[in-house]
Amino acid sequence: MKAVVFPGDRKIEIMDFPDPHPGPGEVVLQIKASGMCGSDLKYYRNPPGTPTLGLGERKGPIIAGHEPCGVVVEVGEGVSEAQARIGDRMMDHHYSGCGVCKHCRTGWSQMCIDGITVYGTTGHGAHAEYMKVPAHTLVKLPDELSFTTGAAISCGTGTAYGALKRLDLAGDETVVIFGQGPVGLSATQLAKAMGARVIALDISAERRKMAEDFGADEVIDPMGNDVVAAIRDLTGGEGAHKSLDCSSNAEARASAVRCLRAWGVACFVGEGGQVTLDVSQDILRRQVSILGSWTFSKNGQADCAAFVAERKIDVDALFSHRFTLDQADEAYKLFDTQTTGKGVFVMD
């Protein structure tokens, strides 16, 4: 089968791999949609051999893509019908751990005490025709949702949902979302569906327009504006109740804390980087809380899918571009500009 590999230094290789076959406890998905995520870019951009931020060692060419959605086509020994049957439409929780530690038992395999496999990073991912995964990582795709929506929920949209749940966002609150890439745009969609007032920020005019289309009540261009002052002007001088940083930008992270009213809560979801804060003025003396949110649990992925289906949220509107695997080089060159909506590989 053909599959996409990131050798590093902004290069793409389309390589031939043997078609996978399941061992005990495993299934094979025929991939129908595989999303492109902002966290893919570090493996696309970085030189070969760059560490994986504590996610484990990359051995040999690894198939990229950690937003899998497809159909079960092969089932291994020991897989129950409750887990998977041929023809089932499935997403994948793209982490696998020991399965028995306290984190794995609650669906948080990415926090496994004994170490993890991250599909698309240290294990073969979904930018391919087929993908082999443990049956316990599967999450059923509701019948109402498309494969492309399922791919988005498998990381970007699921990550946004997980962060908003960590924030305990309420319908009478104002939330500021820094960065309107795929995760930020998803957060804008979901926060509006939760009833909140949304202020969205991005340096890209195209992404600000998408945020408006997705229901943002106000949009701000952080270039040339005093972001904190602008947010206070929009909130009667008090600041926002909640904020979410999806940008990984140090200045945006600091603003996400400083734009809050007293007792406000900020959540950092963007990976990597640093932030500098004045602990007394920015946090302690305003009783501000700061949270971190790393993707979502397997149960949270299922909850997100149910929420999207029940509220009829148009997650497919996130996708400004659709590609075939043969277009991977073009796809990642465009996605690397970080000015567009989400990209997705769609397989026949």
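Nothing fancy with the numbering, it's 1 onward along the sequence.
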Cation-pi check, Arg10 onto Tyr332 ring (under 6.0 Å, within 45° of axis) | no
Under 4.0 Å between a Lys/Arg side-chain N and an Asp/Glu carboxylate O for Arg253 and Asp245?
-> yes
Which heavy-atom pair separates Val27 from Ala135 by the least distance, and what is that distance?
-> CG1-CB, 4.1 Å
State plainly whether one hydrophobic cluster holds both Met131 and Ile116, where clusters connect Ile, Leu, Val, Met, Phe, Trp and Tyr through side-chain heavy atoms under 4.5 angstrom apart.
-> yes
How many angstroms lie between CD in Glu129 and NZ in Lys32, if you round to the nearest 0.5 Å?
-> 11.0 Å
Is a side-chain donor or acceptor of Gln83 paired with a backbone partner of Ser80 at a separation under 3.5 angstrom?
-> yes
Return the minimal non-hydrogen interatomic distance between Ile313 and Ala193, and the atom names on each side.
-> CD1-CB, 3.6 Å
Other residues, nucleotides, ligands: >12 heavy atoms within 6.0 Å of Lys192 NZ | yes
Mind listing the closest non-hydrogen atom pair of Leu260 and Arg232 along with its distance?
-> O-NH2, 3.2 Å
Flag the pair Arg286 and Asp282 as a salt bridge only when some basic side-chain nitrogen lies within less than 4.0 angstrom of an acidic carboxylate oxygen.
-> no
Contacts of type side-chain contact (heavy atoms from CB on, under 4.5 Å), residue Ser204, not counting sequence neighbours | Asp202, Glu206, Arg207, Thr339
Between Val4 and Ile63, is any pair of side-chain heavy atoms under 4.5 Å apart?
-> no
From CA spacing to verdict: side-chain contact (heavy atoms from CB on, under 4.5 Å), Ile199, Ile220 = CA-CA 7 Å; Ile199 300 173; Ile220 297 173; 3.8 Å; yes
Between Gly292 and Cys267 the two heavy atoms that sit nearest each other are C-SG, 4.4 Å
How close do Pro7 and Pro48 get, heavy atom to heavy atom, and via which atoms?
-> O-CG, 3.2 Å
Among the clusters formed by ILVMFWY side chains lying less than 4.5 Å apart, do Leu29 and Tyr119 turn up in the same one?
-> yes
Got Asp336 and Leu334 here, is their nearest side-chain heavy-atom distance under 4.5 Å?
-> no
Output yes when a side-chain donor or acceptor of His241 lies under 3.5 Å from a complementary backbone atom of Thr174, and no otherwise.
-> yes
Find the distance between CG (Leu190) and OG1 (Thr157) and round it off to the nearest 0.5 Å.
-> 6.5 Å
Could you work out the complete set of other residues in the hydrophobic cluster of Ile62, with links drawn between I, L, V, M, F, W and Y side chains under 4.5 Å apart?
-> none
For the pair Arg322 and Asp316, evaluate side-chain contact (heavy atoms from CB on, under 4.5 Å) and give the outcome as yes or no after the intermediate values.
-> CA-CA 11 Å; Arg322 296 168 187 252; Asp316 276 347; 4.0 Å; yes
Flag yes if more than 12 heavy atoms outside Lys2 fall under 6.0 Å of its NZ atom; otherwise flag no.
-> no
To the nearest 0.5 angstrom, please state how far the NZ atom of Lys102 sits from the SG atom of Cys112.
-> 11.5 Å
Using a cut-off of 6.0 Å, state whether more than 12 heavy atoms not belonging to Glu251 lie near its atom CD.
-> no
Looking at residues at least two apart in the chain, or sitting in another chain, which of them share a side-chain contact (heavy atoms from CB on, under 4.5 Å) with Ala305?
-> Met91, Pro142, Leu145, Ile153
According to the ring-ring contact (aromatic ring centres under 6.0 Å, His included) rule, which pairs have a member within residues 155-175, sequence neighbours left out?
-> Tyr161-Phe307
Can you tell me how far CD of Glu144 sits from OG1 of Thr149, rounded to the nearest 0.5 angstrom?
-> 11.0 Å
Are Leu234 and Val198 connected, step by step, through hydrophobic side chains (Ile, Leu, Val, Met, Phe, Trp, Tyr) whose heavy atoms are closer than 4.5 Å?
-> no
CE of Met210 to CD of Gln180: how many Å apart, nearest 0.5 Å?
-> 9.5 Å
So, the side chain of Arg208 versus the backbone of Ile203: is there a donor-acceptor pair under 3.5 Å, distance only?
-> yes
After noting the C-alpha distance and the side-chain angles of Ser297 and Asn299, does the key distance pass the side chain to side chain donor-acceptor pair (under 3.5 Å) rule?
-> CA-CA 5 Å; Ser297 69; Asn299 297 333; 4.9 Å; no
How are the rings of Phe345 and His127 set relative to one another: parallel (under 30°), tilted (30 to 60°) or perpendicular (over 60°)?
-> perpendicular
Residues in ring pair (Phe, Tyr, Trp, His ring centres under 6.0 Å) contact with Phe178, at least two apart in sequence or another chain | none
For Leu291, look at atom CG and say whether over 12 heavy atoms of other residues, nucleotides or ligands are found less than 6.0 Å away.
-> yes
Go through Phe214 and Leu185 one step at a time and tell me if the side-chain contact (heavy atoms from CB on, under 4.5 Å) criterion holds.
-> CA-CA 8 Å; Phe214 287 178; Leu185 286 169; 4.0 Å; yes
Please test Ser248 against Glu271 for side chain to side chain donor-acceptor pair (under 3.5 Å), starting from the C-alpha separation and ending with a verdict.
-> CA-CA 6 Å; Ser248 302; Glu271 287 270 18; over 6 Å; no
Linking I/L/V/M/F/W/Y whenever their side-chain heavy atoms sit closer than 4.5 Å, directly or via other members, would Leu169 and Ile177 fall into one cluster?
-> yes
Would you tell me whether Glu74 and His21 have side-chain atoms, one donor and one acceptor, within less than 3.5 Å of each other?
-> yes
Donor-acceptor contact present, side-chain Thr337 to main-chain Lys333, <3.5 Å = no
Within the side chain of Asn46, is there an N or O that forms a donor-acceptor pair under 3.5 Å with the backbone of Lys42?
-> yes
Less than 6.0 Å separating the ring centroids of Phe335 and Tyr44?
-> no
In short, salt bridge (charged side-chain N to carboxylate O under 4.0 Å, His left out) pairs touching residues 12-24 with sequence neighbours left out are none
Is there a donor-acceptor contact under 3.5 Å from the side chain of Asp221 to the main chain of Met223?
-> yes
Polar side-chain atom of Lys165 near backbone of Gly300 as donor-acceptor pair, under 3.5 Å = no
Would a distance-only check, ignoring hydrogens and angles, find a side-chain to backbone donor-acceptor pair under 3.5 Å from Ser320 to Gly341?
-> yes
How long is the gap from CD on Gln327 to NE2 on His321, to the nearest 0.5 Å?
-> 11.0 Å
Taking side chain as C-beta onward, heavy atoms only, is His66 less than 4.5 Å from Ser154?
-> no
With a 4.0 Å cut-off, would you call Glu67 and Lys342 a salt bridge?
-> yes
In terms of hydrophobic clustering (I, L, V, M, F, W, Y; side-chain heavy atoms under 4.5 Å; direct or indirect links), are Tyr95 and Val139 co-clustered?
-> no
Centroid-centroid distance, His93 to Phe296, less than 6.0 Å = yes
Where do Pro134 and Ser96 come nearest, in terms of heavy atoms and distance?
-> CG-OG, 3.7 Å
